[in-house]
2 protein chains.
Amino acid sequence: MDVNTEQSMEQSILETAERLFLEKGFVLTSTTEIAKEVGCNQALVHYYFRTKDNLFNTIFEQKFKLFFQHIFDLGNLDELSFTDKLKHIIESHFDMLNANPKLPLLIISEFSRRPEQVGILKEKLQTVPQKLFEKLNAQLNAEISAGKIRQTTLADLILTMVSLNVSLFLFIPIAGEIASLNEAQRQFMIVHRREEHVNVILNSIRP
Amino acid sequence: MDVNTEQSMEQSILETAERLFLEKGFVLTSTTEIAKEVGCNQALVHYYFRTKDNLFNTIFEQKFKLFFQHIFDLGNLDELSFTDKLKHIIESHFDMLNANPKLPLLIISEFSRRPEQVGILKEKLQTVPQKLFEKLNAQLNAEISAGKIRQTTLADLILTMVSLNVSLFLFIPIAGEIASLNEAQRQFMIVHRREEHVNVILNSIRP
DNA sequence: CGGTAGTTTAATAGGTCTATTAAATAGGTG
DNA sequence: CACCTATTTAATAGACCTATTAAACTACCG
């Protein structure tokens, strides 16, 4: 088989399923529809993945990791000041979401509506880089002690960042439906808010 | 019929449907299940509301209004400074969400996943109090001109507020599942973040 | 060329869901 | 009581969904 030009059915199913799950969520995506989009028989989906839950978990283990672990993956720019590191983390987290704008809703809905099922992936997420958190935390506390940053915690800062970044991409479809944003307006909003999130957070930690 | 002690079936169906829609979303809630919880025949749900879509729209027109219009409903504390008004708006918005913690996910998922259906309610939301927005906006611009607040827009401030407040209640189920928060920890987090959201926003607008 | 393992399909069981229909029941009014 | 309207139920049509099974197809290997 020509591996370069023609992908395996298994791979096609995976990619189509990923796209559909992200677009419509777990419940509204049927194995029948996945098969139709791939152009294969519906039984083939079950041949490769046995159950719809399996297929979902196979795909989104990786997505969950992306979503949760990305935050600390680049806090190791050692030479930078805390503020510059923070700016970098915010922008990089924002960019990750911009590249995966439908990921937050999927993760939030699946966690909220089918916690038992998604909880299976829980232990695989526990690999949060504790080390990097501790290092950043130490640097933050040093700056607080030096009176350069107001009293706060790293957890609060991260929660604020994730809240701002995630919400933007959650709200864009609503804004699109209600305020009828066109593509240019949508793009402007994204660029503008990227800056604004940095401003808000950096301003908010001044003493 | 004893109206005081025994509600009508129609009312029971409405209340049960509201609870289930909020818990599990539109797709995962069936008219069969609503009927079972109410203790009536499934056809009765359709007798009163004809379709599941009707039932959903009947219930959530009011919820949508609550969600979108609450923001400006109390910006009319004329004597307060802009900063104090803003603090008041943030806290009041937060409290509304705390009283309806499952509302944000429902609204966001339904808008994102079934925009056609929910778009029907769009025009009913257009009644945003333009007047109050303009008044607040004028006051903000005055303070900016006076150099008391950094350059920003009211829309940005509101988006930031909604992002912070909404996200907290979106993330709590996830935090509960992953970090296994108990009820006391959950409550502490809510009280703490209510203060923090005010701090972040008010600090962030200093010049 | 025959066999064999892996892939794909057709067919279908068994379940649930929405919505409709016709029949049963209840409650009030003349 | 007889009637009438509004409510409630039982039954079911029709659609779709997940998962399984057995049969067909393909390609490679000896």
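Letters A, B, ... are given to chains in the order of the sequence lines, protein chains preceding strands, and every chain is numbered from 1.
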Between [X] ([atom1]) and [N] ([atom2]), how many Å, whole number?
X        : N       : atom1 : atom2 : value
His46(A) : dT9(C)  : NE2   : P     : 14 Å
Ile34(B) : dT18(C) : CD1   : P     : 8 Å
Asn41(A) : dT12(C) : CG    : P     : 14 Å
Phe49(A) : dT8(C)  : CZ    : P     : 12 Å
Leu55(A) : dC17(D) : CG    : C1'   : 15 Å
Leu28(B) : dT16(C) : CG    : P     : 15 Å
Leu44(B) : dA26(C) : CG    : P     : 15 Å
Gln11(A) : dT7(C)  : CD    : P     : 14 Å

Q: Report, as yes or no, whether the 6.0 Å neighbourhood of atom CD on Glu195(A) holds more than 12 heavy atoms from other residues, nucleotides or ligands.
A: no
Q | Salt-bridge present (Lys131(A), Glu134(A); N to O < 4.0 Å) | A |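 No, no charged N to carboxylate O under 4.0 Å.
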Q) Is it true that Arg150(B) and Glu196(A) make a salt bridge, defined as a side-chain N closer than 4.0 Å to a carboxylate O? A) yes
(Q) For dT8(C) and Tyr48(A) - does any side-chain N or O of the residue sit under 4.0 Å from the phosphate oxygens OP1/OP2? (A) yes
Q: Answer yes or no: does a side-chain N or O of Tyr47(A) lie under 4.0 Å from OP1 or OP2 of dT8(C)?
A: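 For dT8(C), neither OP1 nor OP2 has a side-chain N or O of Tyr47(A) closer than 4.0 Å.
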Q: Please work out if Thr32(B) contacts a base, only the sugar-phosphate, or nothing of the nucleic acid, heavy-atom cut-off 4.0 Å.
A: base
**Q.** Polar side-chain atom of Gln185(A) near backbone of Asn182(A) as donor-acceptor pair, under 3.5 Å
**A.** yes
Q. Considering only side-chain heavy atoms of Met9(A), which listed nucleotide, dA19(D), dT8(C), dC17(D), is closest?
A. dT8(C)
